[in-house]
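First up is the structure itself, then whatever we jot down about it.
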Amino acid sequence: MKKAFSIISLLFFSFILFAEKPIVRDIQAEAGKGNKINIYWTLPENPEKEISSFLIYRDTRQIASFSQIKNLEPIAQISSNFSGYTDSVKDFIDYFYCVLAITKDSTSPYDLILLSFNSTVKGAHIAVNSQQKEPQKKEIEKLYYEGTLRETPLPYIDIVENSIQPTPTVSEEAAFAAQTLTNKSKKKEPILKPYIFEEDLISPDGGDDYLLFEILKQYFVQKHYEEAIVQLNKLAGTNIKETTRNRIYFYIGECEYLTGEYENAVKSFVKVQDAYPILSRKWINSSLDRI
């Protein structure tokens with residue numbers, strides 16, 4: 001308890017101390033499409049000195065001090081009103097990023113570097129797709145439903161993720177009750193089959209995604225859904241990136257659905273309906289149909 005309080009206090013005073021400094025916060029880096037890595041951050045609020053631009057640095061090591069990059073050329077210099085940048089790389093190496101501000105009264109960057117503020121804590125590398133082969137790997141391990149290994153195309157899924165949906169204007173409880181009533185008169189659709197996201201079909205090098213991959217391989221694919229829920233909840237409680245946590249909650253919802261815990265499944269899918277609006281709606285509707 002004391003340790004948690006100390007951490008919260010440290011973060012609180014850090015925000016106060018650097019609130020008016022020209023330093024960005026909440027930096028994140030993650031794989032984009034193709035050979036892209038997306039970096040985004042939160043702009044500083046009311047800095048003491050007006051910012052003219054940002055310099056973006058990249059390294060294969062975690063950037064913990066300015067001395068580490070002072071002799072490096074920045075990969076880009078962008079306008080001060082941008083809160084994101086897309087980097088292009090040609091390999092599968094983990095890269096770390098740092099964003100430094102240049103104020104209008106200076107030609108050199110503000111050299112304060114803080115991990116998780118303006119310097120990424122975890123490395124990011126481009127995703128491997130069907131048109132790319134990661135070097136120095138003879139095989140790519142894949143997950144298939146029922147635990148069957150087969151080299152055939154994945155079944156077509158008539159779902160488009162990340163579509164823009166209106167923000168709900170009623171509470172989750174009200175929406176749940178209304179949908180329950182309206183679904184009583186409907187004929188039940190066939191039970192849904194397990195769904196695995198494309199990024200979890202390939203064994204990653206390490207990190208959060210690798211831990212998730214191992215849980216899916218050992219429990220989810222083998223239909224040990226109750227144990228999968230336990231392991232997924234443990235992983236969700238650790239310090240992992242948001243994209244991985246969203247997929248974890250979706251898999252928890254699937255496990256609850258496949259074990260007949262439809263009310264819990266609805267609650268899990270609601271957590272990620274902003275990340276996967278149409279996909280979540282499909283599973284929520286099927287769960288409500290069976291309550």
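Given the structure is predicted, the values throughout are model-derived calculations rather than measurements. Here, residue 1 is the first one in the sequence, and each next residue gets the next number. The figures here come from the full heavy-atom set of this structure, side chains too, leaving out hydrogens, waters and symmetry mates.
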- Task: Any pair with a residue in residues 60-72 that passes salt bridge (Lys or Arg N to Asp or Glu O under 4.0 Å), sequence neighbours left out, goes on the list, sorted by first then second residue, please.
- Result: Asp59-Arg61

- Among all residues two or more places apart in sequence or in another chain, which pass the salt bridge (charged side-chain N to carboxylate O under 4.0 Å, His left out) test with Arg58? Asp87

- Message: Between Ile102 and Ile75, is there shared hydrophobic-cluster membership here, with clusters defined by ILVMFWY side-chain heavy atoms closer than 4.5 Å?
- Response: no

- Message: Holding to ring-ring contact (aromatic ring centres under 6.0 Å, His included), I want the full list of residues that pass it with Tyr257, two or more places apart in sequence or in another chain.
- Response: Tyr262, Trp283

- Query: Are Tyr95 and Ile63 joined in one hydrophobic group, where the rule is that I, L, V, M, F, W and Y side chains link up if heavy atoms are under 4.5 Å apart?
  - Reply: no

- Item | Joint hydrophobic cluster, Val24 plus Ile69, side-chain heavy atoms closer than 4.5 Å | no

- Query: For Asp209, which residues count as a side chain to side chain donor-acceptor pair (under 3.5 Å) partner, sequence neighbours excluded?
  - Reply: Lys241, Thr244, Arg247

- Task: Give a yes-or-no answer on whether the side chains of Gln218 and Gln222 include a donor-acceptor pair shorter than 3.5 Å.
- Result: no

- So does Phe82 have more than 12 non-hydrogen atoms from other groups sitting under 6.0 Å from CZ? no

- Any sub-3.5 Å donor-acceptor pair from Asn233's side-chain atoms to Ile229's backbone N or O? yes

- Query: Are Lys122 and Asp94 ion-paired here, with the side-chain N under 4.0 Å from a carboxylate O?
  - Reply: no

- Task: Under the salt bridge (charged side-chain N to carboxylate O under 4.0 Å, His left out) rule, collect the residues that match up with Asp105, sequence neighbours excluded.
- Result: Lys49

- Message: Less than 3.5 Å apart, any donor N or O on the side chain of Thr86 or Asn38 sitting next to an acceptor on the other?
- Response: yes

- With distance as the sole criterion, is a donor-acceptor pair present between the side chains of Asp200 and Tyr251 under 3.5 Å? yes

- Item | N-O pairing of Arg245 and Glu242 below 4.0 Å | no

- Item | Thr103 side chain to Glu50 side chain, donor-acceptor N/O pair below 3.5 angstrom | no

- Check: Phe269 main-chain N/O paired with Gln273 side-chain donor or acceptor under 3.5 Å: no

- Tyr225 meets the ring-ring contact (aromatic ring centres under 6.0 Å, His included) criterion, sequence neighbours left out, with Phe220

